[in-house]
Amino acid sequence: MAAGKSAIRYVCYGAAKEVTGSCHLLECGGRRVLIDCGLFQGGREQDRENAKPFGFEPASIDVLLLTHAHLDHCGRIPKLVKEGFRGRILATAATRDLARIVMLDAASLQEEDARRAQRRSRRRGDLNGEPLYTLDDALHAMDFFSEPVAYDSEITILDGVRATFRDAGHILGSASILLKLDSGGCTCKVLFSGDLGNPGRPILRDPERAPAADYVVMETTYGDRPHRALPDSVDELYHAIKQTIDRGGNVIIPTFALERAQEILYYLHRGIQNGVLPAHTPVFMDSPMAISATDIFRRHPECFDEAFHQELRRGDPFAMSNLHFCRDTADSMAINHIQSGAIILAGSGMCTGGRVLHHLKHNLWRERCSIVFVGYAAEGSLARRIVDGAATVRIYGEDVRVKAQVWTINGFSAHADQPALLDWLGREKRQQVLLVHGEYERGMCAMEACLKQAGVSCRIPGRGEPIALATATAREPC
Ligand code: ZN
């Protein structure tokens with residue numbers, strides 16, 4: 001076959017051999033489509049990555065397709081716009097609404113961090129500490145969102161590029177995206193899994209199975225293991241709460257504001273209704289973003305599964321008489337005076353910032369309390385250090401001993417586990433499966449071994465490594 005110029009090309013610019021920072025570029029002829037533009041998360045090293053150039057020219061991107069509103073998928077959009085992107089952003093209606101609050105929250109945290117860094121650097125005599133982007137940048141980014149995209153309807157996004165958003169069952173509005181590309185008669189179907197949900201969870205529908213595609217770019221967050229069954233995890237959550245309250249402590253649940261917070265609320269509501277949890281237990285949702293996200297949930301019933309629609313007809317499944325929403329800082333600080341008997345849901349889920357840090361500072365050193373992790377803890381995050389058994393952790397410049405009981409309940413994960421990923425992919429023949437969004441030595445390598453054993457061609461792309469998906473040649477069509 002004659003060597004020709006690459007007509008359809010894929011490059012991974014984030015979530016290559018890592019979990020966070022999702023950012024994928026597809027080139028089809030002269031057109032450039034970006035899939036997700038997420039923040040690298042975990043610690044200082046990831047913060048530095050976020051500040052670096054993207055590796056491509058933002059102004060050269062025609063369209064950005066957003067799979068869902070998690071920060072590691074949408075968190076660099078304001079930076080993309082700030083640095084010259086002027087194309088359209090396409091997403092489902094729920095993703096657009098959630099991405100707005102996620103990006104605004106990220107901007108205000110970055111402004112806050114920058115102010116703190118500036119105070120420190122002024123004292124040191126230098127002038128560093130610019131935020132990655134400001135609230136104005138985040139608001140400006142919202143202007144680039146087009147009309148929302150509906151699930152399962154094919155749309156032409158550019159000449160020779162058609163896209164179909166399919167329910168990924170991961171968080172409200174989440175999608176896998178199938179792209180049909182045509183460059184001068186050279187065609188190719190590429191499926192981006194986005195983040196895939198775990199089938200059988202409440203509220204949302206299960207992920208739609210992967211359709212026919214030549215290439216599948218697939219997440220591998222839990223590519224190495226099965227989750228604990230959900231009913232066992234719910235029982236464990238109730239057990240952790242009851243035990244902690246009986247011995248006179250507080251329960252801190254570091255919570256991702258989207259989906260997990262609503263799911264945990266749903267289970268607390270059910271536990272109290274069924275008498276499994278004491279009726280008088282005060283529950284604090286100490287996260288302005290989770291409160292806003294809960295409101296957005298109520299506005300998007302088109303994303304709910306049938307069982308949840310039925311529950312809604314019987315009443316609000318998020319409502320509890322003992323539930324306190326804490327938007328103001330003063331309400332949040334008042335919780336610090338509660339010594340026992342409270343369930344506190346606060347972000348961020350990985351304890352990389354947010355109000356949960358204050359609650360950890362007040363409760364982590366107390367043996368009677370419990371910290372219940374119900375989500376993913378990335379390498380380098382405070383959550384991961386606590387889960388991994390650190391005896392002492394540093395919070396706001398203070399060493400805090402880890403004396404509270406630490407629970408890790410992984411059955412609540414919003415991510416498909418290994419069997420669910422394989423089931424989603426199915427046995428359809430593919431040219432190649434490209435593995436992204438996972439810890440290299442865990443999820444990714446395990447999934448690679450699994451697929452190879454099943455005779456599926458797969459590959460783990462490196463960051464910035466171009467991969468030709470279809471090649472136009474002078475002599476023969478591809
Ligand atoms: Zn996600």
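Each ligand, and each atom within it, is numbered from 1 in the order the structure gives.
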Residues in side chain to side chain contact (heavy atoms under 4.5 Å, CB included) with Val63, at least two apart? Leu65, Arg88, Leu90, Ile157, Leu158

Salt bridge Asp423-Arg209, side-chain N to carboxylate O under 4.0 Å: yes

For residues 137-145, run the donor-acceptor check on the side chains, cut-off 3.5 Å, and write out each pair with its distance to 0.1 Å, sequence neighbours left out.
| unit_1 | atom_1 | unit_2 | atom_2 | d |
| --- | --- | --- | --- | --- |
| Asp137 | OD2 | Thr134 | N | 2.9 |
| Asp137 | OD2 | Thr134 | OG1 | 3.1 |

Tell me the protein N, O or S atoms under 2.8 Å from the Zn ion (ligand 1), in chain and number order. His68 NE2, His70 ND1, His170 NE2, Asp195 OD2

Hey, which of Phe318, Phe412, Tyr238 is the one that makes ring pair (Phe, Tyr, Trp, His ring centres under 6.0 Å) with Tyr267? Phe412

Restricting to pairs with a member in residues 34-45, which pass side-chain hydrogen bond (donor to acceptor under 3.5 Å, both in side chains), not counting sequence neighbours? Asp36-Thr67, Asp36-His73

Provide the closest heavy-atom pair for Val374 versus Arg260 in the form atom of the first, atom of the second, distance. O-NH1, 2.7 Å

